[in-house]
Amino acid sequence: MAGKPKLYYFNGRGRMESVRWLLAAADVEYEEELFETAEDFENFVKRGKLMYQQVPMVEMDGMYLVQSRAILKYIATKYNLYGKDLKEKALIDMYVEGMRDLNDMIMLYPFSLPEEKQKNMDYILERATERFFPVYEKALKDHGKNYLIGNQLSWADVQLIEVILMVEELKPGILSAFPKLQEFKAKVSKLPGIQKFLQPGSQRKMKLDGEEMEAVKKVFKIDKNLILKHMS
Ligand code: GSN
């Protein structure tokens with residue numbers, strides 16, 4: 001039998017957290033190798049397994065998977081979280097890509113320049129409440145089923161609960177205008193794999209504080225201006 005998947009990343013959410021969520025939802029156990037320093041990461045690059053000298057990387061089923069979307073698609077397909085036909089897959093992709101747009105803004109927010117922090121926060125919250133959440137609220141309301149794609153849990157649902165919780169960290173109570181999303185969150189939080197993942201001490205990563213953020217920038221030698229170009 002194949003061993004557990006092994007995840008290679010730093011000790012934070014970043015682009016790996018959605019992978020952790022998806023594996024948790026599929027009730028798949030995994031191991032992690034977490035880089036603490038730039039040297040850890042450089043040594044890992046030298047092992048020559050990274051296609052683009054970039055992480056996230058997931059070692060599973062005899063492959064060294066990179067590129068977060070490719071990793072997520074593989075896991076979603078393997079564990080039956082990617083719809084039953086081409087049309088469902090297209091719909092899941094449309095939902096997931098919107099959620100990733102929102103997720104990316106939140107992921108990059110801590111890199112904001114101090115003088116732009118408030119403006120960026122207002123922008124994220126406005127996009128969440130005016131553009132993205134209404135889509136998922138309406139979908140759940142219109143078909144009256146448990147999940148975005150009917151009654152079968154999919155990758156889109158897992159991505160949705162992840163991003164809901166991230167937005168709630170920025171502004172508690174933000175779901176008050178979205179009763180269907182509140183119901184959805186309560187229901188999905190009780191699914192066994194997800195319930196376990198939400199318990200303290202799980203492999204779920206917490207929001208980075210200022211110091212941890214500085215450490216991450218050093219690991220990947222992140223240039224602030226480069227990040228900000230992607231924030232618009
Ligand atoms: O989605 C993806 O996995 C890729 N399109 C981007 C991966 C990426 O930017 N990885 C960064 C780590 S911070 N983000 O997750 C990385 O490995 N940077 C080191 C480098 O030399 O580019």
Side-chain angles (χ1 to χ4, degrees), residues 5-26 28 30-61 63-79 81-82 89 92-113 120 124 132 155-156 158-160 162-163 165-166 169 203-232:
K6 187 160 178 185
L7 279 47
Y8 298 83
Y9 204 58
F10 73 91
N11 191 10
R13 291 178 179 172
R15 289 191 170 86
M16 189 62 105
E17 194 67 357
S18 299
V19 175
R20 299 185 182 107
W21 269 98
L22 202 55
L23 288 169
V28 176
Y30 56 89
E31 293 170 2
E32 297 193 88
E33 183 168 326
L34 303 169
F35 315 121
E36 303 282 345
T37 63
E39 197 186 359
D40 288 347
F41 180 56
E42 277 159 21
N43 286 336
F44 184 68
V45 171
K46 282 185 200 144
R47 284 196 236 163
K49 302 296 184 203
L50 294 173
M51 185 180 278
Y52 301 112
Q53 296 112 50
Q54 282 185 324
V55 285
M57 184 183 93
V58 176
E59 186 178 355
M60 68 188 288
D61 300 339
M63 292 187 292
Y64 298 102
L65 295 166
V66 294
Q67 288 292 354
S68 48
R69 279 177 172 77
I71 298 169
L72 289 163
K73 278 190 183 179
Y74 181 79
I75 295 168
T77 307
K78 175 164 178 165
Y79 295 105
L81 293 163
Y82 203 8
K89 281 191 203 327
I92 290 169
D93 282 342
M94 290 194 281
Y95 286 140
V96 163
E97 290 302 320
M99 293 162 196
R100 286 185 62 93
D101 287 347
L102 183 55
N103 189 317
D104 283 355
M105 286 189 249
I106 299 171
M107 182 176 74
L108 295 176
Y109 168 74
F111 296 95
S112 306
L113 294 172
N120 289 344
I124 291 168
F132 294 107
W155 172 21
V158 183
Q159 194 82 51
L160 180 56
E162 180 189 358
V163 81
L165 295 177
M166 285 172 86
E169 280 176 348
Q203 285 163 300
R204 184 179 172 219
K205 305 296 179 245
M206 293 301 118
K207 207 165 97 169
L208 295 181
D209 66 21
E211 251 174 57
E212 290 162 339
M213 203 49 152
E214 289 310 310
V216 170
K217 283 192 211 160
K218 282 191 190 128
V219 173
F220 295 116
K221 301 194 169 83
I222 289 173
D223 174 339
K224 206 191 277 174
N225 296 322
L226 195 76
I227 288 288
L228 289 173
K229 263 192 262 164
H230 296 281
M231 185 75 201
S232 59

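Here, residue 1 is the first one in the sequence, and each next residue gets the next number. Side chains included, hydrogens not; waters and symmetry mates left out as well; all remaining heavy atoms used. In listed order, ligands and their atoms are each counted from 1.
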S.K.: For residues 38-49, which side-chain N or O atoms pair as donor and acceptor with protein atoms under 3.5 Å away, sequence neighbours left out?
M.R.:
{"unit_1": "Asp40", "atom_1": "OD1", "unit_2": "Thr37", "atom_2": "OG1", "d": "3.4"}
{"unit_1": "Asp40", "atom_1": "OD2", "unit_2": "Glu36", "atom_2": "N", "d": "2.8"}
{"unit_1": "Asp40", "atom_1": "OD2", "unit_2": "Thr37", "atom_2": "N", "d": "3.3"}
{"unit_1": "Glu42", "atom_1": "OE2", "unit_2": "Lys221", "atom_2": "NZ", "d": "2.3"}
{"unit_1": "Asn43", "atom_1": "ND2", "unit_2": "Glu39", "atom_2": "O", "d": "3.3"}
{"unit_1": "Arg47", "atom_1": "NH2", "unit_2": "Glu33", "atom_2": "OE2", "d": "2.6"}

S.K.: Would you please write out the protein residues whose heavy atoms approach any atom of ligand 1 to under 4.0 angstrom, listed by chain and number?
M.R.: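 Around ligand 1, where the cutoff is 4.0 Å for heavy atoms, the contacting residues are Tyr9, Arg15, Phe41, Gln53, Gln54, Val55, Pro56, Gln67, Ser68, Phe220.
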
S.K.: If the condition is side-chain contact (heavy atoms from CB on, under 4.5 Å), which residues does Lys73 pass it with, not counting sequence neighbours?
M.R.: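 Residues passing side-chain contact (heavy atoms from CB on, under 4.5 Å) with Lys73: Tyr82, Asp93, Trp155.
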
S.K.: Tell me whether Lys218 at atom NZ has more than 12 heavy atoms from other residues, nucleotides or ligands lying less than 6.0 Å away.
M.R.: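 Atom NZ in Lys218 is not crowded, with 12 or fewer foreign heavy atoms closer than 6.0 Å.
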
S.K.: Quick one: do Glu162 and Arg13 make a salt bridge, cutoff under 4.0 Å?
M.R.: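 No.
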
S.K.: Are Glu97 and Arg100 within salt-bridge range, i.e. N to O under 4.0 Å?
M.R.: no

S.K.: List the residues meeting ring pair (Phe, Tyr, Trp, His ring centres under 6.0 Å) with Tyr74, not counting sequence neighbours, and say none if there are none.
M.R.: none

